[in-house]
Amino acid sequence: MVTALLEGLNPRQREAVTAGDGPVLVLAGPGSGKTRVLTHRIAYLIQDCGVRPYELMAVTFTNKAATEMRLRVEALLGGIRDGLEIGTFHSICARMLRREADFTPYRPDFAIYDTDDQHSVIKMALNEMDIDPKRYSPGRVLHKISAYKNELIPPEDVRADDYFGEIVARIYPRYQQMMVTNNAMDFDDLLMQTVILMRDNAEVRERWQRRLAHILVDEFQDTNTAQYKLVQILSLPQNNVFVVGDEDQGIYAFRGADYRNVLQFRRDYPNARVILLEQNYRSTQIVLDAARAVIDKNQHRTPKALFTEREGGPRVTIYEAYSEADEGEYVARRVNDLVRRENYEYRDIAIMYRTNAQSRALEDAMVKANVPYTLVGGVGFYKRREVRDLLAYMRLVGNPNDTVSFDRVINVPGRGIGKKSQETFQEWIVQRGDTIYGGLQAIRHGEPSPIVGRAAKSFADFGLMLDEWRALLEGNDLLGLFDEIMARTGYNLYIHEISDTPEQVSDRLENLAELRNFITQNREVPLLDFLAETALVADVDTLKDDKNAATLLTLHAAKGLEFPVVFIGGLEEGLLPHSRSFDDPDGMAEERRLFYVGLTRAKDQVYLTYAFRRMLYGDSMPGIPSRFLGDIPEELTEGVSTTLGSMRDRQAYQRQTSWESSGTRDRQPTGRGKIIPFPGSGGAPEKPRTKYKTGMRVYHQRFGAGIVIESALMGQDEEVTVAFEMVGIKRLASSFANLVIMKG
DNA sequence: TGGTACCACTTTTTT
DNA sequence: AGTGGTACCA
């Protein structure tokens, strides 16, 4: 038995799989078989070490990864293993909290609020506290609160360090209080509340610690403080904690992840066994070399000697498109070529980009060229208005104190309950010290209330509906509930009211049909579990492998996946690297890791494209080739000019991205197979003398700090294009803009 | 109360 | 360019 499990593993992988008790850190380069190691390790522990499935907890980054891991473990063990806990941090925490709710400030039927729901709550809080949402945008406030939670700082412990922080320090407690009243948790609560529970409640903690003999964590470089702490606590006292990660693939700093947790792990567990997986089974040598050239520029990393047996391979193709439409057209054409002439299938191909907004132009091109594709993420399914409405109804049934859901549907479809009545109702129940549900029932039973006339009747009717639905829930029939909500609310009719075109109507109906279909598949699932599932889906989770189609997705969503052919679009300054990171070395390093992740998804071939002009907010903006392109050695690329400048030119480019676009300005809009002059290469004529030069750092009174990406003389004046850190790319007339040139 | 018209803002990435 | 929010009117 032992031999069967270990067969086909290389010595390092085998060492990891069979490592004994105690902490283990596996540093796994891309494509080095880390999922394999994790699944085999789980199977090994169960089969050969007598560990019971329920004594194991394996944490992955997405539900998709969890499902895959579960399937692979079951395949290895030849059967289903009950009690084996595999899931994301968030879903596992949600389950734990549900079970242990008695020991938390929440009831077990708590709702899970996503970002949109959070926005609603924070707006209510701001409104109530008379804080101007223009000055303190819900987004920024929430980001800060989220950061506190990820660092396990409860409202009462906040120490503000600036004025904005001071305001947040006032909002955070109120926000949290509202969440508890709504019996709702946001994503960060799921983590923080679990840690607090385990930290402060010895009985619960010890129960779980006794149960969980082994904890395994995938994508360890993307854990935040809360997640790290949780792993630490739960793995006590044995410290059988097995983590797999790669510092070079840490791309979630913006949500509190800290790849330095890998270092921290070595500090916290000095006796940890450290195993390096350096053999790559995915990519060709060319792809790997290109990727390495990119990542090597990052400081403070453990150098890895990744190698592959797949020598050579096609070079990385770089293409300069005229516009984003041309970029899409090129990609679509190449995709079709790959399928028709090179024996690839559509499903072998991924098209990646930095921002979701880029998907639109690419999608248009795919449609035009008849390329079948699936889009990952974007405006997600669960973000659609009709889907959210229906889910809000279901959530309200599950948790009748969910204010956010209540506000969403109390007058949808319209029942003549306007803003005024809603406010009156809210004030009234607060005054009564009652819940939404209690208030509704009171009105229904004719108790005196400030709600009178038509509105009172509507509230009463609503309360009655809610009651009937809750009774329906006893039968545990999700589908019945869904159909009943649709019927009783007349939602189908409402769809016609809110839609402008027949297409929109059928779109919406289709979405609801899809939701209904999903519910059918989960008929037996308890409502709360179903709702948690819908709240915690990641974009990639919706990716179906069964369709033969190219995949469009963000670089973030691509993590953990692999494709024979990878296209990465929008390799432009301001996009990749994103302008928001220009001023921040850490952010810049993360952009680089993001590009590295994209490159290393490819098995055989990589195509990198950028656009000479790109639409932004309806304006056409110049595109400057990404500095990352210059980091890939020339001999690994093709499609760039053979007259690519001397090393000196390239170095100058790398330092500054100093490229004057005038040389390419009058090219044909859409050339095919043309040779592209590489930025920084010769050929650009003597440029006119401008005061502002590309790469210069400038400061603007209103827009703040930025970097000049283009400047051209316009008659007497000078037209300067600047990528501002805060507000993005703007084109300014230098005589009006009053730009201050900053040193450095 | 609900509809329409205009305006401001958007785009980083996501559980 | 598209969307969501606000203000004003029927």
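Reminder, nothing fancy here: chain letters follow the sequence lines and each chain counts from 1. Just so it is clear, the values below take in all heavy atoms, side chains as well, and ignore hydrogens, waters and symmetry mates.
- We find that CG of A:D364 is positioned 14 Å from P of C:dA1, with the value rounded to whole Å.
- When the nearest nucleotides of DNA chain B are assigned to A:E591 and A:R454 by heavy-atom distance, the more 5′-ward of the two goes with A:R454.
- In the set B:dT15, B:dT13, B:dT1, B:dT15 carries the atom at the smallest distance from any side-chain atom of A:R255.
- Rounded to whole angstrom, the span from the CD atom of A:E219 across to the P atom of B:dT15 amounts to 13 Å.
- Taking the ring centroids of A:H143 and A:F254, they lie at or beyond the 6.0 Å cut-off.
- An OP1 or OP2 oxygen of B:dT15 is reached within less than 4.0 angstrom by no side-chain nitrogen or oxygen of A:N150.
- Nearest heavy atoms, A:F582 versus A:G574: CZ-N, 3.3 Å.
- Contacts of A:S581 with the nucleic acid, taken as non-hydrogen atoms under 4.0 Å apart, are absent.
- For the pair A:S91 and B:dT15, the criterion of a side-chain N or O lying under 4.0 Å from OP1 or OP2 is not met.
- Whole-Å rounding puts the A:Q193 CD to B:dT15 P distance at 21 Å.
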Distance-only criterion, 3.5 Å: show the donor-acceptor pairs between side-chain atoms of residues 122-129 of chain A and protein atoms not counting sequence neighbours.
from   : atom 1 : to     : atom 2 : distance (Å)
A:E128 : OE1    : A:R174 : NH2    : 3.0
A:E128 : OE2    : A:R174 : NE     : 2.5
A:E128 : OE2    : A:R174 : NH2    : 3.3

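- Protein atom CG of A:L362 is 15 Å distant from nucleotide atom C1' of B:dT11, rounded to whole Å.
- In this structure, A:F254 packs face-to-face on the six-membered ring of B:dT13, meeting both the 5.5 Å centre cutoff and the 30° plane limit.
- Contact annotation: A:N356 does not reach the phosphate of B:dT11 (side-chain N/O to OP1 or OP2, under 4.0 Å).
- What separates CE of A:M615 from P of B:dT11 is a distance of 18 Å, to the nearest Å.
- As rounded to whole Å, 9 Å separates atom P of B:dT1 from atom CD1 of A:I417.
- A:T62 has no side-chain polar atom (N or O) that falls below the 4.0 Å cut-off from OP1 or OP2 of B:dT15.
- Comment: A:D114 engages A:R388 in a salt bridge, judged by a side-chain N to carboxylate O separation of less than 4.0 angstrom.
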Any N/O pairs under 3.5 Å between the protein and nucleotides 7-10 of chain C? List them or say none.
none

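- For A:D186, the side-chain hydrogen bond (donor to acceptor under 3.5 Å, both in side chains) test picks out A:K149, A:Y175, with sequence neighbours left out.
- Among B:dT1, B:dT11, B:dT15, the nucleotide with an atom closest to any side-chain atom of A:L616 is B:dT11.
- When distances are taken from the side chain of A:T554 to each of B:dT1, B:dT11, B:dT13, the shortest belongs to B:dT13.
- Separating the OH atom of A:Y252 from the P atom of B:dT15 is a distance of 6 Å, rounded to the nearest angstrom.
- If you check the side chains of A:T60 and A:D218, you find no donor sitting under 3.5 Å from an acceptor.
- Under the side chain to side chain contact (heavy atoms under 4.5 Å, CB included) criterion, A:Y259 pairs with A:Q221, A:E247, A:R593, not counting sequence neighbours.
- Between the CE atom of A:M185 and the P atom of B:dT15 there is a distance of 19 Å, rounded to whole Å.
- B:dT13 and C:dG4 are spaced 16 Å apart, taking the P atom of each and rounding to whole Å.
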Which protein N or O atoms sit under 3.5 Å from an N or O of nucleotides 2-6 of chain C?
from  : atom 1 : to     : atom 2 : distance (Å)
C:dG5 : OP1    : A:K123 : NZ     : 3.4

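- Between the side chain of A:N261 and the backbone N or O of A:T225 there is no donor-acceptor pair closer than 3.5 Å.
- Annotation: of the two residues near DNA chain B, A:L575 and A:R415, the 5′-most nearest-nucleotide partner is A:R415.
- With sequence neighbours left out, the side chain to side chain contact (heavy atoms under 4.5 Å, CB included) criterion links A:A460 to A:I443, A:R444.
- Using modelled atom types and a 3.5 Å distance limit, the side chains of A:T115 and A:Q118 yield no donor-acceptor pair.
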